[in-house]
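One structure is given below, encoded as structure tokens.
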Amino acid sequence: MALRALSTFPSLPRRFTRRGPTLTVIHRNPTTSIVCKSISTSESTVSLSERDGFAAAAPTPGERFLENERAHQAQKVVKKELKREKKKKKEESVRKVVVTSVSCCYGCGAPLQTSDVDSPGFVDLVTYDLKKKHHQLRTVICGRCQLLSHGHMITAVGGNGGYAGGKQFVSADQLREKLSHLRLEKALIVKLVDIVDFNGSFLARVRDLVGANPIILVITKIDLLPKGTDMNCIGDWVVEVTTKKKLNVLSVHLTSSKSLDGVSGVASEIQKEKKGRDVYILGAANVGKSAFINALLKTMAERDPVAAAAQKYKPIQSAVPGTTLGPIQINAFLGGEKLYDTPGVHLHHRQAAVVHSDDLPALAPQNRLRGQSFHISTLPTQSLSSSEGESLNGYTFFWGGLVRIDILKALPETRFTFYGPKALEIHVVPTKTATEFYQKEVGVLLTPPSGKDQIQEWKGLQSHRLLRIEFNDPKRPASDVAISGLGWISIEPIRRVRDSEPRDLAEAEHEIRVCVSVPKPVEVFIRPTLPIGTSDAEWYQYRDLSDKEEEVRPKWYF
């Protein structure tokens with residue numbers, strides 16, 4: 001068979017001919033023959049180029065390398081984009097936290113907003129945009145705080161006995177919920193209690209809020225106690241009552257935010273005990289937290305430049321319960337720990353929960369308390385000559401329009417002394433005409449409530465409590481009857497007269513019975529007599545303590 005030239009074969013791939021411009025004969029042995037074998041039609045037709053993997057559609061190794069390289073690069077780009085998105089989301093979340101913390105009114109802690117004029121946190125849009133542009137939102141105070149600072153009574157808390165007037169912005173339960181995280185954190189708690197309303201402002205369930213965190217107990221407004229009060233007796237009385245509550249109290253401090261008495265001791269105790277923890281000021285609504293923080297910053301500013309700088313933007317203080325609506329962060333320590341002013345815990349059993357916002361200032365004493373004493377010889381219908389053998393039995397006391405006290409059983413020498421705000425006058429009438437007198441004079445002589453609208457909404461004195469007060473020593477006061485959110489009544493079985501000794505009492509005479517009527521949510525407490533005034537130090541008795549009790553018992557400072 002004659003040899004055939006390469007040109008007579010089907011075209012071969014170009015890669016075999018790229019090395020030279022001319023065709024080259026690839027057969028050298030003339031005896032070598034190429035046999036063409038026909039392929040059966042039953043078998044699939046496979047071309048030479050497809051069988052060898054040299055078809056035009058198949059990727060070359062270089063193309064496969066480039067494709068893998070592009071896929072690897074694309075994967076790196078995707079990973080980089082995912083990482084960038086993750087970082088962006090993290091930055092946005094951090095930015096949201098920062099914006100939330102700085103976009104609050106420094107006076108009350110309410111979030112700043114520009115839509116609702118009547119709600120807390122409102123700032124006009126022009127001011128908000130300007131402060132935001134210059135990163136000065138931390139220096140913004142809302143319109144409500146501006147009004148509060150000028151003496152306006154604007155409520156912002158609902159669901160706590162029903163405040164009349166004002167925008168119902170947040171409920172008391174929501175404010176309490178903002179403090180629920182404290183039990184899970186390691187913090188130092190500074191708990192404030194009002195000495196004028198000790199039982200009503202103590203927060204009986206404080207452990208539900210703070211957990212096992214240590215507590216520094218601060219007694220406020222001691223400047224309101226009568227002149228001549230022995231602070232040793234007051235400190236011992238407070239520690240005795242506090243010990244029975246079994247709290248983790250480190251120390252007790254008697255303070256006055258007005259005169260700064262005792263505040264420096266609290267500042268030293270905080271510096272000693274905080275140990276890297278944040279400090280939270282906790283207390284009932286209107287107990288004086290904001291005023292105490294201002295006094296604390298003023299005291300600390302003498303040595304701490306950070307506290308001095310923090311004085312520029314201080315929380316607003318007012319007579320309205322619920323002035324603070326959110327936690328206010330204050331940079332007050334060189335070590336970086338934070339000081340927080342927290343929303344007041346609203347208690348339904350206080351008088352402030354049932355009166356109109358316009359009457360709230362009447363519940364807050366502004367000057368030293370001066371007891372108003374009543375016994376049989378002081379009544380206008382009695383004379384000194386006819387007082388022998390008679391008593392206050394069958395008489396009723398009205399403390400404003402908020403409290404009614406019916407005397408059911410008392411000794412002829414028994415004396416009742418009222419300690420509370422001067423704005424609430426005390427009226428004495430026979431019990432048989434007391435109901436008619438109250439219905440006629442409520443809102444007129446008996447205020448608060450005051451104002452026609454408030455009187456129409458007033459539900460009256462619906463809660464009645466019968467108290468049996470037993471005593472053993474007639475030389476000492478029997479006990480105090482404390483009205484939550486108002487003050488207290490000291491009951492002296494036999495009033496002390498100079499250079500006279502009390503008579504011997506029969507067994508049946510060692511009991512006093514009264515009926516106290518108050519608005520339904522308000523609570524009445526019976527407690528040991530608070531030793532105030534110059535004469536009370538004479539009868540107050542210090543309890544003998546064992547070595548173990550002395551060691552565990554918290555110390556008090558003034």
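All residue numbers in this chain count up from 1 along the given sequence. What you see below is based on every heavy atom in this structure, not just the backbone, and it leaves out hydrogens, waters and symmetry mates.
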Review point. Would you say the ring centroid of Phe374 lies under 6.0 angstrom from that of Phe416?
Key: no

Point to revise | Validation row, ring centre Phe397 to ring centre Phe418 under 6.0 Å | key: yes

Any chance [atom1] of [X] has more than 12 other-residue heavy atoms, nucleotides or ligands included, within less than 6.0 Å?
X: Glu549; atom1: CD; answer: yes
X: Arg303; atom1: CZ; answer: no
X: Lys338; atom1: NZ; answer: yes

For [X] against [Y], the heavy-atom pair lying closest together:
X: Ser463; Y: Pro519; value: CB-O, 4.0 Å
X: Gly200; Y: Ser484; value: CA-OG, 3.5 Å
X: Arg370; Y: Lys422; value: CD-NZ, 4.3 Å
X: Leu297; Y: Ala332; value: CD2-CB, 3.8 Å
X: Ala295; Y: Ser257; value: CB-O, 3.8 Å
X: Asp359; Y: Pro449; value: OD2-CA, 3.6 Å

Exercise for review: With side-chain contact (heavy atoms from CB on, under 4.5 Å) as the test, would you mind laying out the steps for Tyr340 and Ile281 before giving the verdict?
Suggested key: CA-CA 6 Å; Tyr340 289 92; Ile281 309 298; over 6 Å; no

For residues [X] and [Y], determine if any side-chain heavy atom of one lies less than 4.5 Å from a side-chain heavy atom of the other.
X: Thr242; Y: Phe202; value: yes
X: Pro554; Y: Val239; value: yes
X: Thr255; Y: Leu192; value: no
X: Lys227; Y: Arg368; value: yes
X: Trp458; Y: Pro448; value: no
X: Val210; Y: Arg183; value: no
X: Met231; Y: Leu254; value: yes
X: Ile483; Y: Val524; value: yes

Point to revise | side-chain contact (heavy atoms from CB on, under 4.5 Å) between Val218 and Val252, worked out | key: CA-CA 6 Å; Val218 176; Val252 176; over 6 Å; no

Side chains of [X] and [Y]: do they bring a donor and an acceptor to under 3.5 Å?
X: Thr417; Y: Ser373; result: yes
X: Tyr540; Y: Asp230; result: no
X: Asp341; Y: Ser290; result: yes
X: Ser201; Y: Asp194; result: no
X: Glu269; Y: Tyr557; result: no

**Study point:** Qualifying residue for side-chain hydrogen bond (donor to acceptor under 3.5 Å, both in side chains) with Ser256, from Thr220, Asp261, Asp223
**Key:** Asp223

Revision key, fill the gap. Test salt bridge (charged side-chain N to carboxylate O under 4.0 Å, His left out), reference Glu337, set Arg277, Lys274, Lys275, output is Lys274

Point to revise | Ring-face cation contact, Tyr128 with Lys133, 6.0 Å cut, 45° max | key: no

Check your understanding: Does Trp399 have Arg404 sitting over its ring (NZ/CZ under 6.0 Å from centre, angle to axis within 45°)?
Key -> no

Review point. Please walk me through it: do Arg476 and Glu492 pass salt bridge (Lys or Arg N to Asp or Glu O under 4.0 Å)?
Key: CA-CA 7 Å; Arg476 305 176 68 249; Glu492 189 179 350; over 6 Å; no

[X] side chain vs [Y] backbone, donor-acceptor pair below 3.5 Å:
X: Thr447; Y: Val444; value: no
X: Arg350; Y: Val522; value: no
X: Glu185; Y: Ala187; value: no
X: Thr114; Y: Asp124; value: no

**Study point:** Verdict with reasoning, Phe398 to His427, per ring pair (Phe, Tyr, Trp, His ring centres under 6.0 Å)
**Key:** CA-CA 5 Å; Phe398 284 104; His427 298 270; 8.3 Å; no

Practice item. List the steps, then state whether side-chain contact (heavy atoms from CB on, under 4.5 Å) holds for Asp278 with Leu188. Key: CA-CA 6 Å; Asp278 291 336; Leu188 177 63; over 6 Å; no

**Study point:** Test applied, side-chain contact (heavy atoms from CB on, under 4.5 Å); reference residue, Trp556; option that passes from Ile219, Val249, Asn232
**Key:** Asn232

Practice item. Give the C-alpha distance, both sets of side-chain angles, the deciding distance and a yes or no for salt bridge (Lys or Arg N to Asp or Glu O under 4.0 Å) between Arg553 and Asp236. Key: CA-CA 11 Å; Arg553 197 170 188 256; Asp236 187 79; 3.1 Å; yes

Looking at [atom1] of [X] and [atom2] of [Y], how far apart are the two atoms once the value is rounded to the nearest 0.5 Å?
X: Leu225; Y: Leu530; atom1: CG; atom2: CG; value: 6.5 Å
X: Lys132; Y: Leu130; atom1: NZ; atom2: CG; value: 12.5 Å
X: Thr139; Y: His134; atom1: OG1; atom2: NE2; value: 11.0 Å
X: Phe122; Y: Leu112; atom1: CZ; atom2: CG; value: 11.0 Å
X: Asn248; Y: Ile189; atom1: CG; atom2: CD1; value: 10.5 Å
X: Leu224; Y: Lys258; atom1: CG; atom2: NZ; value: 7.5 Å

Exercise for review: Run the numbers on Tyr542 and Trp237 for ring pair (Phe, Tyr, Trp, His ring centres under 6.0 Å), then give the verdict.
Suggested key: CA-CA 9 Å; Tyr542 294 90; Trp237 185 91; over 10 Å; no

Exercise for review: Could you walk me through whether Ile532 and Ile234 pass the side-chain contact (heavy atoms from CB on, under 4.5 Å) test, one step at a time?
Suggested key: CA-CA 8 Å; Ile532 59 176; Ile234 297 296; 4.0 Å; yes

Review point. What's the verdict on salt bridge (Lys or Arg N to Asp or Glu O under 4.0 Å) for Asp480 and Arg527, showing C-alpha distance, side-chain angles and the deciding distance?
Key: CA-CA 5 Å; Asp480 287 345; Arg527 70 186 189 191; 3.4 Å; yes

